[in-house]
Protein chains: 2
Amino acid sequence: MENSRQSPDTLLPKLAAHVLEHGLAGASLRPLAKAAGTSDRMLIYHFKSKDGLVTALLEHVAQMYSQALEMAWPTEPAATRRECAQRLLAIGRAPMFAPFLRLWWEIVAGAAKGDAAYRASAAAMMDSQLAWFEAHLPPDDPDPKAGARLVALAVEGSLMMDALGLGEVGEAGLAALEG
Amino acid sequence: MENSRQSPDTLLPKLAAHVLEHGLAGASLRPLAKAAGTSDRMLIYHFKSKDGLVTALLEHVAQMYSQALEMAWPTEPAATRRECAQRLLAIGRAPMFAPFLRLWWEIVAGAAKGDAAYRASAAAMMDSQLAWFEAHLPPDDPDPKAGARLVALAVEGSLMMDALGLGEVGEAGLAALEG
DNA sequence: GACTACCTGTAGCAACTGCTACATTTCGTT
DNA sequence: AACGAAATGTAGCAGTTGCTACAGGTAGTC
């Protein structure tokens, strides 16, 4: 079945799928290789080192995330920032985003520790998200750029609360947004 | 120097200090033991297993965090929610909180993965923080509970942006808070 | 066919992982 | 002083970690 030659480009999707399901921090070469239909030997060959693998993987995941955002059904414009944030939270809570969010918090943790690759990936994903948020603000928003940032803070905060099992805190907070 | 008998209570502070500096996810028994002046053998003896250690450590860190919050100098009440959030962000950015925040994102990641111990620790820390936030809202706030939640979302979101190296995004977002 | 560049499997190494068996010391109690 | 429980040191085990040396295979080009 897996008889064609592999390359980083053919490996990355399978590796990303494995990482989305099992996490990135604890991923070691042999399980990753098995999931991608190769050997640890070949992963090192293609990516030079595990650091190289992780860096490539983070870039790939950031790209996947941007594309996933673009494909998420565009809601018709919301009337207020509050409503906008609530809709975006609902989208972020959709099951298809759950693996991304699990991975997202790992990436945030890595970035907080100062790792450059994690930080670059996180910044890329956040930039996509900010742009997407800005595009979904109410069309009459007085300051879309600042509004998108405020909404992003609130939505990300809510998603964090979700991760902690405190979803209601996020909902109550968003309900208190002006609008 | 370290000739007295050890117990979980005497070990936990040193273990927590090590974890605050070096992270929790990658902490293994031998380095932890060395930092606490013991052996891996004794860590297992006192905490039964590494899971037991981590659970105890997470509880301890949550307690430390509550106490650290109580000791953070209480600002005089802010005039608006926005000003309140901005002050709280400034406090969260103080150097003394940096190790806590690094660890915090690790805990969030662990909680997002569904680990019960991480989730409990995170919820405890978040509860402390919500109460503290509520106590620092403007005294004339119409709905302190909801307000504290909104401020928490915004401040946590800003701190996340800080972790990603996007501090300005947090600042711009907070500036757009009503008030 | 020969040459070359890329790709891959096998085997293994040194370090580290959590944990344990066994022996010994330390201490409070009697 | 004697006893039992709690605490500790030494040594090691089985499994995993990232990575490598070596030997081949596989393709395209001349």
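Just so you know, these numbers come straight off a predicted model, no measurement behind them. Residue numbers start from 1 in every chain, and the chains themselves are labelled A, B, ... in the order their sequence lines are given, proteins ahead of strands.
Residue pairs that meet the ring pair (Phe, Tyr, Trp, His ring centres under 6.0 Å) test with at least one member in residues 24-46 of chain B, sequence neighbours left out, do not exist here. Contacts classified as side chain to side chain donor-acceptor pair (under 3.5 Å) and involving residues 97-119 of chain A (residues at least two apart or in different chains) are given here: A:Trp104-A:Glu156. Counting only residues at least two apart or on different chains, the ring pair (Phe, Tyr, Trp, His ring centres under 6.0 Å) pairs with a member in residues 79-101 of chain A are A:Tyr65-A:Phe100. Sequence neighbours left out, the pairs with a member in residues 128-179 of chain A that pass ring pair (Phe, Tyr, Trp, His ring centres under 6.0 Å) are A:Trp132-A:His136.
Using a 4.0 Å heavy-atom cutoff across all strands shown, B:Ala33 reaches no nucleic acid atom at all.
Scored by the side-chain hydrogen bond (donor to acceptor under 3.5 Å, both in side chains) test, A:Thr38 finds no partners at all (sequence neighbours excluded). Partners of A:Asp40 under the side-chain hydrogen bond (donor to acceptor under 3.5 Å, both in side chains) rule, at least two apart in sequence or in another chain, do not exist in this structure. In terms of the side-chain hydrogen bond (donor to acceptor under 3.5 Å, both in side chains) criterion, residue partners of A:Arg93 (sequence neighbours excluded) are, by chain and number, A:Asp162, A:Glu171. Among residues two or more places apart in sequence or in another chain, the side-chain hydrogen bond (donor to acceptor under 3.5 Å, both in side chains) test is passed with B:Arg87 by B:Glu83.
Distance NZ (A:Lys50) to C1' (C:dC16): 14 Å, rounded to an integer number of Å. The interatomic distance linking B:Arg30 (CZ) with C:dG18 (C1') rounds to 7 Å, in whole Å.
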Using a cut-off of 4.0 Å between protein heavy atoms and nucleotide atoms, how would you tag nucleotides 4-10 of chain C 5' to 3' with B, S and -? --SBBBB

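Counting heavy atoms from C-beta outward, B:Glu178 and B:Arg82 have side chains that stay 4.5 Å or more apart.
Between A:Ser121 and A:Leu58, the shortest heavy-atom contact is OG-O, 3.1 Å.
For DNA chain D, the span of nucleotides reached by chain A at under 4.0 Å from its heavy atoms goes, 5' to 3', from D:dT17 to D:dT26.
From one end of the helix from C:dG1-D:dC30 to C:dT30-D:dA1 to the other, with five pairs defining each end axis, the axis direction shifts by 0° (rounded to 10°).
Proximity of residues 109-117 of chain B to DNA chain C (heavy atom under 4.0 angstrom from any strand atom) is not detected for any residue.
Taken from CG in B:Leu53 to NE2 in B:His60, the straight-line distance is 11.5 Å, to the nearest 0.5 Å.
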